[in-house]
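Atoms considered below: every heavy atom in the structure, side chains included; atoms not considered: hydrogens, waters and symmetry mates. Counting begins at 1 with the first residue of the sequence. All values reported here derive from a predicted model rather than from experimental measurement.
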Amino acid sequence: MVSGADRVTRARAALATVTDPELPPLTIADLGILRDVVADGEGVEVLITPTYSGCPAMVEITAAIRAALAEAGIAPARVRTVLAPAWTTDWLSAEGRQKLSAAGIAPPTRQPPRCPRCASPATELLSAFGATACKALWRCTACREPFDAFKCH
């Protein structure tokens with residue numbers, strides 16, 4: 001018989017493979033949307049918080065969580081969406097912020113973002129809307145390259 005703590009450890013390892021479909025370099029743990037994993041009877045319950053209440057990626061993320069847990073032999077698995085407290089970019093891990101920069105996306109900041117390609121602080125906002133609702137489009141005036149910047153929430 002597998003203890004609840006062992007099941008949770010195995011579930012967390014399986015969930016480390018689940019990435020965000022809109023930001024594939026980042027796992028759901030990097031993003032901070034994976035809130036908790038708890039033993040639930042013979043299975044586990046996974047608590048997730050969307051980056052915003054209308055995030056269309058949550059259906060796909062939930063399916064990926066169920067698939068990862070099933071592949072790890074963890075069943076039953078329940079996924080519960082937790083809306084309060086609301087997700088904030090403060091929940092992004094340090095590794096997640098590094099992965100964003102490596103992918104050419106400026107991590108969230110309360111200041112104008114630095115260019116993720118050349119690190120110049122000489123940047124300008126082109127559009128408050130980027131490729132996804134959680135990003136804005138900026139341009140570096142030093143290297144002249146456009147880039148997405150993750151919005152602060």
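- Within the 3.5 Å criterion, the main-chain N or O of Cys140 finds no donor-acceptor partner in the side chain of Arg117.
- To the nearest 0.5 Å, atom NZ of residue Lys99 and atom CD1 of residue Ile105 are 12.5 Å apart.
- Between Ser101 and Pro107 there is a side-chain heavy-atom pair separated by less than 4.5 Å.
- The hydrophobic clustering, which links ILVMFWY residues whose side-chain heavy atoms are closer than 4.5 Å, places Leu47 and Val79 apart.
- The two atoms that bring Thr89 and Arg97 nearest to each other are O-NH2, 2.9 Å, heavy atoms only.
- Side chain of Trp87 to backbone of Leu31: a donor-acceptor contact under 3.5 angstrom is found.
- Between Thr51 and Asp20 there is no side-chain heavy-atom pair separated by less than 4.5 Å.
- Here the side chain of Arg7 pairs a donor or acceptor atom with the backbone of Glu42 at under 3.5 angstrom.
- Taken together through direct or relayed side-chain contacts under 4.5 Å among Ile, Leu, Val, Met, Phe, Trp and Tyr, Phe147 and Leu126 form parts of separate hydrophobic clusters.
- Annotation: side chain of Thr27 is not in contact with side chain of Thr17 (no heavy-atom distance under 4.5 Å).
- Nearest approach of Pro108 to Leu100, heavy atoms of both residues: CD-CD1, 4.1 Å.
- Atom CG of residue Leu92 and atom CD of residue Gln98 lie 12.0 Å apart, to the nearest 0.5 angstrom.
- Partners of Arg35 by side-chain hydrogen bond (donor to acceptor under 3.5 Å, both in side chains), not counting sequence neighbours, listed by chain and number: Thr49.
- The heavy-atom pair separating Ile28 from Leu15 by the smallest distance is CG1-O, 4.2 Å.
- Cys134 pairs by the side-chain contact (heavy atoms from CB on, under 4.5 Å) definition with Thr132, Phe150, His153, not counting sequence neighbours.
- Residues Pro146 and Trp138 have side chains not in contact (no heavy-atom distance under 4.5 Å, counting atoms from C-beta outward).
- Between Pro50 and Thr81, some side-chain heavy-atom pair lies under the 4.5 Å cut-off.
- Contact annotation: the side chain of Val44 never approaches that of Arg78 to less than 4.5 Å [non-hydrogen atoms, C-beta and beyond].
- Atom SG in Cys115 sits 12.0 Å away from atom CZ in Arg144 (nearest 0.5 Å).
- Contact record, Thr123 with Pro113: OG1-O, 2.7 Å, taken as the closest heavy-atom pair.
- Of the possible donor and acceptor atoms, one in the side chain of Thr141 sits under 3.5 Å from a partner among the backbone N and O of Ala122.
- Ionic pairing of Glu45 and Arg80 is present here: one or more N-O contacts between side-chain nitrogen and carboxylate oxygen are shorter than 4.0 angstrom.
- For the 3.5 Å distance criterion, the side chains of Thr9 and Asp6 fail to qualify, holding no donor opposite an acceptor.
- Side-chain contact check for Thr19 versus Leu26: every heavy-atom pair is 4.5 Å or farther apart.
- Minimum heavy-atom separation, Asp148 to Gly130: OD1-CA, 3.8 Å.
- Counting heavy atoms of neighbouring residues, nucleotides and ligands inside a 6.0 Å radius, atom CZ of Phe129 does not exceed 12 of them.
- For the pair Trp91 and Pro85, the minimum side-chain heavy-atom distance is below 4.5 Å.
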Task: Pair Ile48-Met58, side-chain contact (heavy atoms from CB on, under 4.5 Å): steps then yes or no - done: CA-CA 9 Å; Ile48 57 175; Met58 293 310 288; 3.3 Å; yes

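- In this structure, OG in Ser120 is found 12.5 Å from CD in Glu145, a value given to the nearest 0.5 Å.
- Closest approach of Pro116 to Ala106, counting heavy atoms only: CG-N, 4.0 Å.
- Counted within 6.0 Å of CD on Gln111, heavy atoms from surrounding residues, nucleotides or ligands total 12 or fewer; the atom is thus considered open.
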